[in-house]
Each structure stands twice: as C-alpha cells, then as structure tokens.
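Notes for the one structure printed next.
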Amino acid sequence: MPLRNIVVFGATSAIAQEALREFVQRGASVYCVGRNPEKLSAVMSDLRVRAGPGQTIEGQAADLLDATGHPVLIAAARAALGEVDAVLIAHGTLPDQAECEASVERTLTAIAENGTSVVSLLTVAANEFAARGSGTIAAISSVAGDRGRQSNYVYGASKSLVTTFMQGLRNRLAPKGVQVVTIKPGFIDTPMTAAFPKSGLLWTSAQRAGRAVADAMEKGRDVVYVPGYWFWIMTILRHVPERIFKKLRL
Ligand SMILES: NC(=O)c1ccc[n+]([C@@H]2O[C@H](COP(=O)([O-])OP(=O)(O)OC[C@H]3O[C@@H](n4cnc5c(N)ncnc54)[C@H](OP(=O)(O)O)[C@@H]3O)[C@@H](O)[C@H]2O)c1
C-alpha cells in the first residue's frame, strides 16, 4: 500500500536518505528528524527538488538520545503532515568494540544510541498507531543482532533488543491493524562502514538498501533481510552449536 505521510528518524543516515528519495519519488510527504542541522537541511533541500506540488518536506534537528523529546517530535510531525501513517527509525552508531570492553560508560551509551532510544520511539509510535487502529512502524535493526560475536557484541546486543522488542510489538499490534517492519541489513556501504575494506561480494549500496526499506514498508513485511541472501547466511550462523561457535574468531 502506498504510504503518504512518513516520519523518518535519523534522516541524515545514508540508508534513510535513499529511502526518503524513494518515498518522495513515489509521491509521499515526509518529516525528517536528524541530529546535525546542516546535514539535515541539505537532505531536505535535495528532497524538495525531487518533490512535486502538494508534497510536504519538513523536519527538525534533534538528538534522539533525549527520549523526553520523542513524543514532541511525533506531535510536530503530525502537525506538519496532517496525519502520520508511517514511521521509519534509522539512526544508529557503530561503536568501537574494544573501547566498549574497556568502558562501562561507552557500552551503555552505545546501547542507548542503538537500542533504548529506538525502543522509546517504537513505544511512542506504537501507542499512537494502536489508538488509531492503523499505521506502519519500521526500524533498521541488523544481522548483527541475530547472534553475538566477539568483534561487535555491544552493537549486536543493542540490535537484538530492537529485533526482539519489535517482535513483541508486532504480536501486540497485529490485531489492531498496525504493521511492524524489522529491517535487518547485512554489509551496506555507508559512512558507518567507511573504515571497512569493501572488496567482498557481500557489500551492497545504500541506494539498494534504501529501496529495500521503502519496498518492505509499503508491502507491510514483517522481517526483511537486506539483501535477502542474509537470511540464509544468518540461518546457518544461528545454527552453529555454541560449543563450536565460542571458539571461532568472528
Ligand atoms: N551500514 C551497514 O552496514 C549497516 C548494517 C546493518 C544495520 N545498519 C543500520 O542502518 C542504520 C543506518 O545506518 P547507515 O549505515 O545509513 O549509517 P550512517 O550513514 O552513518 O547513519 C547513521 C545516522 O545515525 C544518526 N545518529 C546517530 N546517533 C544519533 C542520535 N543520537 N540522534 C540522532 N541521530 C543520530 C547519525 O547522525 P549524524 O550524522 O549526526 O552523526 C547518522 O545520520 C543504523 O541503524 C545502522 O545501525 C547499517
């Protein structure tokens, strides 16, 4: 079903920018929330050039670590768009695992950036859509949440929180006509992964990921791996017995 009025949190993310372009090209109005005002302004200017008459492109800057501001942001989006029929939560960080191991504070901040701030937005959106009896709520989790690995388990645990929380939310909201869409990308070429070598076959562009996010939301899918072959990779990885898995250098 085409989505008409969409709020995107973390709108300056490379994947979110591509999803926003898809939505605007498909005729939607959007409300963009990003942390960096200059980047956000550039994103909205680009979208306005692509938008047709009658499409609204609005937004505001906000640090999403401040959960007290989340209800206000959704209310501002509703005021700007008239009605909100979909929310995409895309913000996140890739913390340095070694730094997290050395610092409880860094670990808890990473979990707030990738986990609890998303849970807060999901809760606010869920209650709003449940009361109305319709809507689509999507968030970008990760394949990293499917199994903890030594190289990134703080990030992975935050994404597991998001994935499991959304699973419960989907179960709660299905009878109320609200779609809950969990996006699990694999390796996507974005600023987040700038430091990684990109030579392998498993890398995908932000543009392809953004289109997959828009398609998944419009189709009201439940859980989507991006690209789809990550479903098979993670199914195999999840089934490696723990006594073997714990000895692997992953
Ligand atoms: N790239 C991958 O391989 C990959 C794989 C799996 C999942 N993901 C997930 O995909 C999503 C999008 O990431 P990306 O790859 O597009 O990376 P990206 O371009 O680096 O985007 C991350 C975005 O999150 C924003 N952000 C971080 N903390 C924030 C906060 N407290 N408040 C508001 N915004 C905040 C950043 O804003 P600033 O510009 O202000 O820093 C940035 O725009 C993330 O959830 C990420 O975990 C990515």
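We're numbering straight along the sequence, starting at 1. Start at 1 and go down the list; that is how both ligands and their atoms are numbered. Note that these values count all heavy atoms, side chains included, but never hydrogens, waters or copies made by symmetry.
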- Message: Taking 4.0 angstrom as the limit and counting only heavy atoms of Asn36, give me the atoms of ligand 1 inside it, by number and element.
- Response: 40 (O)
- Query: At a 4.0 Å threshold, what atoms of ligand 1 neighbour a non-hydrogen atom of Ala14?
  - Reply: 16 (O), 19 (O)
- Message: Return the closest protein heavy atom for atom 41 (O) of ligand 1 as residue, atom name and distance.
- Response: Arg35 NH2, 2.9 Å
- Under 4.0 Å from any heavy atom of Asp63, which atoms of ligand 1 are there? 30 (C), 31 (N), 32 (N)
- Item | Check: Ala16 N/O within less than 3.5 Å of ligand 1 N/O | no
- Task: Please could you name the atoms of ligand 1 that Leu65 approaches to less than 4.0 Å, counting only its heavy atoms?
- Result: 31 (N)
- Query: Under 4.0 Å from ligand 1, counting heavy atoms only, is it the side chain of Tyr155, its backbone, both or neither?
  - Reply: side chain
- Among all protein heavy atoms, pick out the one at the shortest distance from atom 43 (O) of ligand 1; state its residue, atom name and that distance to 0.1 Å. Thr12 OG1, 2.7 Å
- Message: Residue-level breakdown please: for Ala206 versus ligand 1, do any non-hydrogen atoms fall below 4.0 Å on the side chain, on the backbone, on both, or on neither?
- Response: neither
- Item | Atoms of ligand 1 close to Lys39 [distance to a heavy atom under 4.0 angstrom, numbered from 1] | 38 (P), 39 (O)
- Those atoms of ligand 1 less than 4.0 Å from some heavy atom in Leu64: 30 (C), 31 (N), 32 (N), 33 (C)
- Report, in ascending order of atom number, the atoms of ligand 1 lying under 4.0 Å from any heavy atom of Ser141. 7 (C)
- When you look for heavy atoms under 4.0 Å from ligand 1, do you find them on the side chain of Lys159, its backbone, both, or neither? side chain
